[in-house]
Amino acid sequence: MVLKSRWSFDIPQVSLPTYLFDSPTADLPKTPALISAKYPEKYYISVHTYRLYAQRLAVGLLRAGLQPGERVLLFSGNTLFFPTVMMGIIMAGGIYTGANPTYVARELAYQLKDSGAKYLLCAEGSLDTGIAAAQEAGLPASSVFVFDDGVATFEGRTVENHAPALGGTIRHWTTLLASEADGRAYAWPDLRTPAELDTVVALNYSSGTTGLAKGVMITHANYVANSAQQMWMSTMAADYAQRRPSIKHLCFLPMYHAMAQALFCVNATKMRLPVYVMPKFDFIEMLQYIQKYQITDLVLVPPVIVAMAKHPAVQNFDLSSVVKVGSGAAPLGREIAEEFEKLWPDRRVNVKQGWGMTELTCAATTADPDKVSRNGAVGELLPNCEAKLVLDDEGKVEAPRGERGEIWIRAPNVMKGYWGKPEATRETLTPDGWLKTGDVAYIDEDNEIHVVDRKKELIKVKGLQVAPAELEALLLDHPSVQDVAVIGITLNDEELPRAYIVPRTPSQATPQVADAIKTWLAERVSRAKRLDGGVVFMEAIPKNPSGKILRKELREMAKAEAEA
Ligand code: ATP
Ligand code: MG
């Protein structure tokens, strides 16, 4: 069965900059759009300024010699000018790529080389990493720029950082900015035809959860489609028009990753909604800012929901401004979502999940905003999307409704392919346009999609499939469990589930508590799902900045332990 979205509409046939800013000269709002959460009065930029600086950067990059399709890498945490850099590169006809700001030099060098980046814009605080990576990738000093929010303080000055390793000095990124007049006069290419809109604008690297991160090619058409699809869903809410003037977002998710990039560098701008920007996630600061700025809409990832549900400090903050909460990027159990929703005694807040992946630009499902979501589903297909659940690699055998299969998606927001990896592209995209997502899901009677886990994560216990996500969701409900990750380990040639657990208090890390947790779970699951691979206590579950569990680190730990 092929499931079609219940909505469809004509997606605008324009370039991403035109979609966002209407035209190079259209009147745009001058009210704060991207606002520093730390210094809101001093540092903010409007949609007008966002466009102007992107135009100025585009002209500067073109003057520096950037050719169509050349890559520019931004290595930074969130800043007000992060979106500007992304859009400036795109306006110049280049390809933007953003790297995880927690990368070490080796990882950054991989992305520099894999993308073949011509320029690196590197956060001031990460210059050591940036220089080491640039050296490994063979970039000269003249290709590296210091990036920060310091437009106000630095513009017009020559800031030089000596980088002997790169054989020269590194300039500040503002030295790339053309004058205001030249920026204003810059009309980015007015693309209209399907072939033109199929031009790649971004190489978004997937999280690398299952292997090396791959450069996902996202086009103008992909971006415009996915933004319009998501906007369709959020603006159809019955209370949208009435709520619109008060909507405020807080961005602490990393802008280099598909999720925050789409939501905060593109969608919020398109919708002209203000976003308070944090450089990176900080739990207490996040709570402070929600209270201080009366944030109404929160975009969260499961680890943040877990922390908010479990951390006593939450009680010290007034979260009554919050109306809408979305979650994505990783599985979220209904039990923990219920706990979280109790933070609002009137049960006014309902966590709505969305599901997506870098290959889908951002998302392919979200929950209907007007329906209460209590069944753990990731919502319904976005407009203009199709899905099918398949049981074989060719996609010929489809799972009936209610049964599990690998979910395939066909939609205008499906990537063009993997950069420089034609084989991986052929394995992932079928000739008739289906994206093999690698996620296992089922579709219920209401056409809501339930994501069970990743195909590759399923643990095969005596031929039965066990989904780590299901066990993690259950275990989070145990009073001694602060956080948890489940993997399959091999014991005497058998695969068995093992839980890595962060206890509520360090003193609970005892064999007795481990046994109690095992027994507690055994009472709630079938035989194959018991923790026969053991319980191991640890201080923190390894996760990446967008909240994904780094299971390969746990697997390496288990392997090292087995060999010891
Ligand atoms: P890589 O492909 O490089 O191994 P990755 O798949 O983790 O890394 P992303 O594109 O950031 O990289 O993540 C997409 C994946 O995140 C999806 O395939 C899915 O497994 C998971 N995911 C996203 N949203 C949800 C959700 N709501 N529920 C469950 N899983 C989700
Ligand atoms: Mg993936």
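Whatever order the structure lists ligands and atoms in, that order sets their numbers, starting from 1. Since we're looking at a predicted model, the values are computed, not measured.
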Next on the checklist: If you apply the rule salt bridge (Lys or Arg N to Asp or Glu O under 4.0 Å), what do you find for Arg551 with Glu472, and how did you get there?
Outcome noted: CA-CA 13 Å; Arg551 279 176 223 277; Glu472 286 158 5; 2.7 Å; yes
Checklist outcome for this item: Taking only non-hydrogen atoms of His257 and a 4.0 Å limit, the atoms of ligand 1 in range are 11 (O)
Checklist entry - Any idea which heavy atoms bring Asn222 and Asn413 closest together, and the distance? => result ND2-C, 3.8 Å
Item to check | Sub-3.5 Å N/O-N/O distance, Lys548 and ligand 1 | outcome: yes
Checklist entry - Can you check whether Leu332 has an N/O within less than 3.5 Å of an N/O in ligand 1? => result no
Item to check | Test of proximity, Thr358 against ligand 1: N or O pairs below 3.5 Å | outcome: yes
Checklist entry - With a distance cut-off below 6.0 Å to the six-membered ring centre and an angular limit of 45° from the axis, does Arg410 pair with Trp408 as a cation-pi contact? => result no
Item to check | Atoms in ligand 1 with a heavy atom of Pro331 nearer than 4.0 Å | outcome: 28 (N), 29 (C), 30 (N)
Checklist entry - Relative to atom 2 (O) of ligand 1, which among Gly438, Ser206, Cys362 owns the nearest non-hydrogen atom? => result Ser206
Item to check | Proximal ligand 1 atoms for Gln353, defined as those under 4.0 Å from one of its heavy atoms | outcome: 26 (C), 27 (N), 28 (N)
Next on the checklist: Just to verify, what does Phe283 make a ring pair (Phe, Tyr, Trp, His ring centres under 6.0 Å) with, not counting sequence neighbours?
Outcome noted: His311
Next on the checklist: Below a 4.0 angstrom heavy-atom separation, can you tell me which part of Ser327, side chain or backbone, both or neither, approaches ligand 1?
Outcome noted: neither
Item to check | With Pro468, the side-chain contact (heavy atoms from CB on, under 4.5 Å) member among Ile459, Ile487, Ile549, Val484 | outcome: Ile459
Item to check | Heavy-atom nearest neighbour in the protein, as seen from atom 12 (O) of ligand 1, with distance rounded to 0.1 Å | outcome: Ser207 N, 3.1 Å
Checklist outcome for this item: For atom 7 (O) of ligand 1, the closest protein heavy atom turns out to be Thr209 OG1, 2.4 Å
Checklist entry - From Asn267 CG over to Gln261 CD, what is the distance, rounded to the nearest 0.5 angstrom? => result 10.5 Å
Checklist outcome for this item: The option among Gly356, Gly328, Gly354 carrying the non-hydrogen atom nearest to atom 27 (N) of ligand 1 is Gly354
Checklist outcome for this item: Honestly, for Arg454 the part within reach of ligand 1 (heavy atoms, under 4.0 Å) is side chain
Item to check | Short N or O distance, Leu212 and ligand 1, threshold 3.5 Å exclusive | outcome: no
Item to check | Trace of the side-chain hydrogen bond (donor to acceptor under 3.5 Å, both in side chains) decision for Tyr418 with Glu359 | outcome: CA-CA 9 Å; Tyr418 293 116; Glu359 290 86 340; 2.6 Å; yes
Checklist entry - Between Gln230 and Thr366, is any pair of side-chain heavy atoms under 4.5 Å apart? => result no
Checklist entry - Can you tell me which residue and heavy atom of the protein come closest to atom 26 (C) of ligand 1, and the distance to 0.1 Å? => result Ala330 O, 3.5 Å
Item to check | Contact with ligand 1 for Met259, non-hydrogen, under 4.0 angstrom | outcome: no
Next on the checklist: Checking contacts here: is it the side chain or the backbone of Asp439 that comes within 4.0 Å of ligand 1, counting heavy atoms only? Could be both or neither.
Outcome noted: side chain
Checklist entry - Closer than 4.0 angstrom: is that true for some heavy atom of Ala363 and an atom of ligand 1? => result no
Checklist entry - Going by heavy atoms in the side chains, are Ser373 and Gln353 under 4.5 Å from each other? => result no
Checklist entry - Given side chains that start at C-beta, do those of Val299 and Phe264 come closer than 4.5 Å, heavy atoms only? => result yes
Checklist outcome for this item: protein heavy-atom neighbour closest to atom 14 (C) of ligand 1 works out as Met357 CB, 3.4 Å
Checklist entry - Just how far is it from atom CG of Leu108 to atom CD of Glu136, taken to the nearest 0.5 Å? => result 9.5 Å
Next on the checklist: Check contact between Ala329 and ligand 1, using heavy atoms of the residue and a distance below 4.0 angstrom.
Outcome noted: yes
Next on the checklist: Within 45 degrees of the ring normal and closer than 6.0 Å to the centroid, is that where the cationic atom of Lys248 sits relative to Tyr276?
Outcome noted: no
Checklist entry - Taking non-hydrogen atoms only, is Thr210 closer than 4.0 angstrom to ligand 1 via side chain, backbone, both or neither? => result both
